[in-house]
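Following: one structure in structure tokens, then a few remarks.
Along the sequence shown, the residues carry numbers beginning at 1.
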Amino acid sequence: MSDAFLPGNGFDTYETQDKVLVSMDGSVDCGVVVRILQQQGFAVMGAVVRLCTDDPVVDAAKEAAKALGIECITLNASELASQLAEETAAPADLRFPALLAAADRLGIQYIATGHRARVETGADGVHVLCPAEIADESARLAALPQETLARLLLPLGEFDAGDLAELAQELQL
């Protein structure tokens, strides 16, 4: 893989040690997200959103976070749903409010996921969800409000599947 794909070459860089809460699910893509953000200067913390009592994703996310050397907290979506005034219909829709609420409690400015899409900010300050270069998942995120888009980082929006696989191999994930 050429250096043109590595973080720091054409990617936005943020203040050293800005914090980001990364949604974890145990996948290699989440590991790539963590490493990209770390290379961009972020202090990274993981979070897994438990959608049901016996969610196997929680264990996978915790193991992945341990292998990456980051802390990973578990957020209980059902508890959050009862606290939210604007409860959503589908449990999966609770992931973003759960991440934002946890980030706020922890004093973390940004959240990040492994979705393949991009968030761009226009000259008018409006955040726009844009399709990824390849394997676009922006339709899944289209209903997110401005407040969420303003804090959402999507590091995988510039990569295709082949580039991600190559990067994951280089990062030994």
Taking Val58 as the starting point, is it possible to reach Leu21 by hopping between hydrophobic residues whose side chains are less than 4.5 Å apart?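 Unlinked, Leu21 and Val58 end up in two clusters.
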Transitively linked via ILVMFWY side-chain contacts under 4.5 Å: Val57 with Val28?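 No; tracing contacts between hydrophobic side chains, which count when under 4.5 Å, never links both residues.
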Any chance you could lay out the side chain to side chain contact (heavy atoms under 4.5 Å, CB included) test for Asp18 and Tyr110, step after step, and finish with the verdict? CA-CA 8 Å; Asp18 272 351; Tyr110 300 103; 4.1 Å; yes
Would you say the side chains of Ser27 and Asp25 form a donor-acceptor pair under 3.5 Å?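 Asp25 and Ser27 do have a side-chain donor-acceptor pair below 3.5 Å.
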Set out, in order, the CA-CA distance, both residues' side-chain angles and the distance that settles side chain to side chain contact (heavy atoms under 4.5 Å, CB included) for Asp29 and Arg116, then state yes or no. CA-CA 10 Å; Asp29 285 359; Arg116 292 193 180 100; 2.8 Å; yes
Quick one: closest heavy-atom pair of [X] and [Y], and the distance?
{"X": "Lys62", "Y": "Thr74", "result": "CE-OG1, 3.0 Å"}
{"X": "Gly26", "Y": "Ala64", "result": "CA-CB, 3.8 Å"}
{"X": "Cys72", "Y": "Ala47", "result": "SG-N, 3.9 Å"}

Please lay out, stage by stage, how Leu75 and Arg50 fare under the test side chain to side chain contact (heavy atoms under 4.5 Å, CB included). CA-CA 6 Å; Leu75 307 174; Arg50 182 190 325 256; over 6 Å; no
Output a table of donor-acceptor pairs, distance under 3.5 Å, between side-chain atoms of residues 140-155 and any protein atom two or more places apart or on a different chain; print 'none' if there are none.
residue : atom : partner : partner atom : Å
Arg140  : NH1  : Glu137  : OE2          : 3.1
Gln146  : OE1  : His127  : N            : 2.8
Gln146  : NE2  : His127  : O            : 2.6
Arg151  : NE   : Gln109  : O            : 2.8
Arg151  : NH1  : Asp104  : OD1          : 2.8
Arg151  : NH2  : Asp104  : OD1          : 2.9
Arg151  : NH2  : Ile108  : O            : 3.0

With side chain to side chain contact (heavy atoms under 4.5 Å, CB included) as the criterion, how do Lys19 and Leu37 come out once you've worked through the C-alpha distance, each side chain's angles and the decisive distance to 0.1 Å? CA-CA 10 Å; Lys19 297 175 185 169; Leu37 292 170; over 6 Å; no
Looking at residues at least two apart in the chain, or sitting in another chain, which of them share a side-chain contact (heavy atoms from CB on, under 4.5 Å) with Leu68?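 For Leu68, the residues satisfying side-chain contact (heavy atoms from CB on, under 4.5 Å) (neighbours in sequence not counted) are Met24, Val34, Arg35, Ile70, Leu173.
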CG of Asp124: more than 12 outside heavy atoms within 6.0 angstrom?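 Correct, the count exceeds 12.
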Passing candidate, side chain to side chain contact (heavy atoms under 4.5 Å, CB included) with Arg95, options Thr113, Ile111, Val48, Val49: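 For Arg95, the side chain to side chain contact (heavy atoms under 4.5 Å, CB included) test succeeds with only one of Thr113, Ile111, Val48, Val49, which is Val49.
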I'd like to know if the side chain of Arg118 reaches the main chain of Pro131, judged simply by a donor and an acceptor atom lying under 3.5 Å from each other, with no hydrogens or angles considered.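 Judged by distance alone, yes, a pair lies under 3.5 Å.
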Indicate yes or no: at least one non-hydrogen side-chain atom of Val20 is less than 4.5 angstrom from one of Met45.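 No, too far: nothing below the 4.5 Å cut-off.
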